[in-house]
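Please read the structure below before turning to the comments.
Just so it is clear, the values below take in all heavy atoms, side chains as well, and ignore hydrogens, waters and symmetry mates. Everything numeric in this text was worked out from a predicted model, so none of it was measured. The residues of the chain are indexed from 1 along the displayed sequence.
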Amino acid sequence: MNKISIIGDKRVLARTFVYDGGVDKLVLLDLENDHMVVENFDIETANTVFADGIVVCMRSEIGEGECIRLITDVLGMSPSDIMFELASKKSLASAADASADIILVNISD
């Protein structure tokens, strides 16, 4: 996995999701409300983008450039190693954070 992109969509189905709190598989992320909602995927929903890779939930206050730099540093790591490395730098956002305070970054092939 070596392609890094910022996700601008409000509804994302993530194959793997890394955030401050853990690593989840196949979850629906909804940023349309005040706070991000993370739900297990159970049914296809209109206007949802599929992110086939590792989606990392970063704190927006660190900025897009710093998010990309931090992600570049963890390329090739397992999702749990990514979580531990980025959590130690206090750069991960949690599922309870406000939607406006979150940047979703996709790591894919």
Side-chain angles (χ1 to χ4, degrees):
M1 297 198 167
N2 55 16
K3 183 178 176 189
I4 302 169
S5 58
I6 303 291
I7 299 173
D9 302 282
K10 295 293 185 182
R11 292 180 56 80
V12 178
L13 174 59
R15 178 176 300 281
T16 305
F17 181 55
V18 174
Y19 63 107
D20 186 17
V23 176
D24 289 335
K25 298 283 188 175
L26 210 55
V27 293
L28 180 63
L29 312 172
D30 188 344
L31 296 169
E32 292 180 328
N33 298 310
D34 291 338
H35 286 54
M36 181 172 66
V37 176
V38 180
E39 301 174 320
N40 289 327
F41 174 71
D42 61 354
I43 187 169
E44 287 189 36
T45 308
N47 301 321
T48 302
V49 172
F50 178 59
D52 188 16
I54 301 171
V55 175
V56 182
C57 185
M58 310 282 288
R59 292 181 17 234
S60 65
E61 67 189 44
I62 64 175
E64 286 187 14
E66 182 65 4
C67 286
I68 298 296
R69 190 192 69 73
L70 289 167
I71 293 296
T72 301
D73 290 346
V74 299
L75 286 177
M77 290 184 182
S78 72
S80 10
D81 288 342
I82 291 171
M83 185 204 54
F84 286 116
E85 181 67 23
L86 296 179
S88 73
K89 296 179 181 185
K90 300 188 184 316
S91 59
L92 292 179
S94 75
D97 285 337
S99 296
D101 297 335
I102 291 171
I103 295 175
L104 297 178
V105 182
N106 188 29
I107 308 169
S108 61
D109 291 329

A87 and L92 have their tightest heavy-atom pair at N-CD1, 3.9 Å

Correct closest heavy-atom pair for S108 and D52 would be CB-O, 3.7 Å

Separation between CZ (R15) and CG (D24), nearest 0.5 Å, reads 14.5 Å

Side-chain polar contacts of residues 28-38 - donor-acceptor pairs under 3.5 angstrom, sequence neighbours left out - could you list them?
unit_1: D30; atom_1: OD1; unit_2: E32; atom_2: N; d: 2.9
unit_1: D30; atom_1: OD2; unit_2: R11; atom_2: NH1; d: 2.8
unit_1: H35; atom_1: NE2; unit_2: A96; atom_2: O; d: 3.4

- prompt: With a 4.5 Å limit on heavy-atom distance, are the side chains of I103 and E64 in contact?
  reply: yes

Are M83 and I62 linked, directly or through other ILVMFWY residues, by side chains that come within less than 4.5 angstrom of each other?
yes

The reported gap from CG in L70 to CG in L75 (rounded to nearest 0.5 angstrom) is 11.0 Å

side-chain contact (heavy atoms from CB on, under 4.5 Å) with I7: of V49, V55, I102, only one passes, and it is V55

Smallest heavy-atom separation, D109 atom then N2 atom, equals C-OD1, 4.2 Å

L104 side chain near I6 side chain, heavy-atom distance below 4.5 Å: no

On a heavy-atom basis, the closest approach of A100 and S60 is O-OG, 3.5 Å

*Do I107 and F17 belong to the same hydrophobic cluster, where Ile, Leu, Val, Met, Phe, Trp and Tyr are linked whenever their side-chain heavy atoms lie under 4.5 Å apart, directly or via other members?*
no

The remaining residues in the hydrophobic cluster of I43, counting side-chain heavy-atom contacts under 4.5 Å among Ile, Leu, Val, Met, Phe, Trp and Tyr, are none

In terms of heavy-atom contacts, Y19 and A95 come closest through CD1-N, 4.0 Å

Show the numbers, then the answer: is there a side chain to side chain contact (heavy atoms under 4.5 Å, CB included) between V18 and L86?
-> CA-CA 10 Å; V18 174; L86 296 179; 5.6 Å; no

Check your understanding: Any side-chain heavy atom of L26 within less than 4.5 Å of one from N40?
Key -> no

CD (E61) and CD (E66) are apart, to the nearest 0.5 Å, by 11.5 Å

Taking the side chain as everything from C-beta on, heavy atoms only, tell me whether D81 gets closer than 4.5 Å to V74. no

Can you confirm whether more than 12 heavy atoms, excluding those of F41, are under 6.0 Å from its CZ atom?
yes

Do V27 and V23 sit in the same hydrophobic cluster, where Ile, Leu, Val, Met, Phe, Trp and Tyr count as joined when their side-chain heavy atoms come under 4.5 Å apart?
no

Open item on the list: Regarding K25 and T16, do their side chains bring together a donor and an acceptor under 3.5 Å, going by distance alone?
Closed with: yes

Interatomic distance, NZ@K89 vs CG@D73, rounded to 0.5 Å, equals 5.0 Å

Output for pair (D97 CG, D20 CG), nearest 0.5 Å, gives 8.0 Å

Tightest non-hydrogen contact, residues V12 and T48, listed as C-CG2, 3.9 Å

Rounded to the nearest 0.5 angstrom, the OG-CD distance for S80 and E85 is 12.5 Å

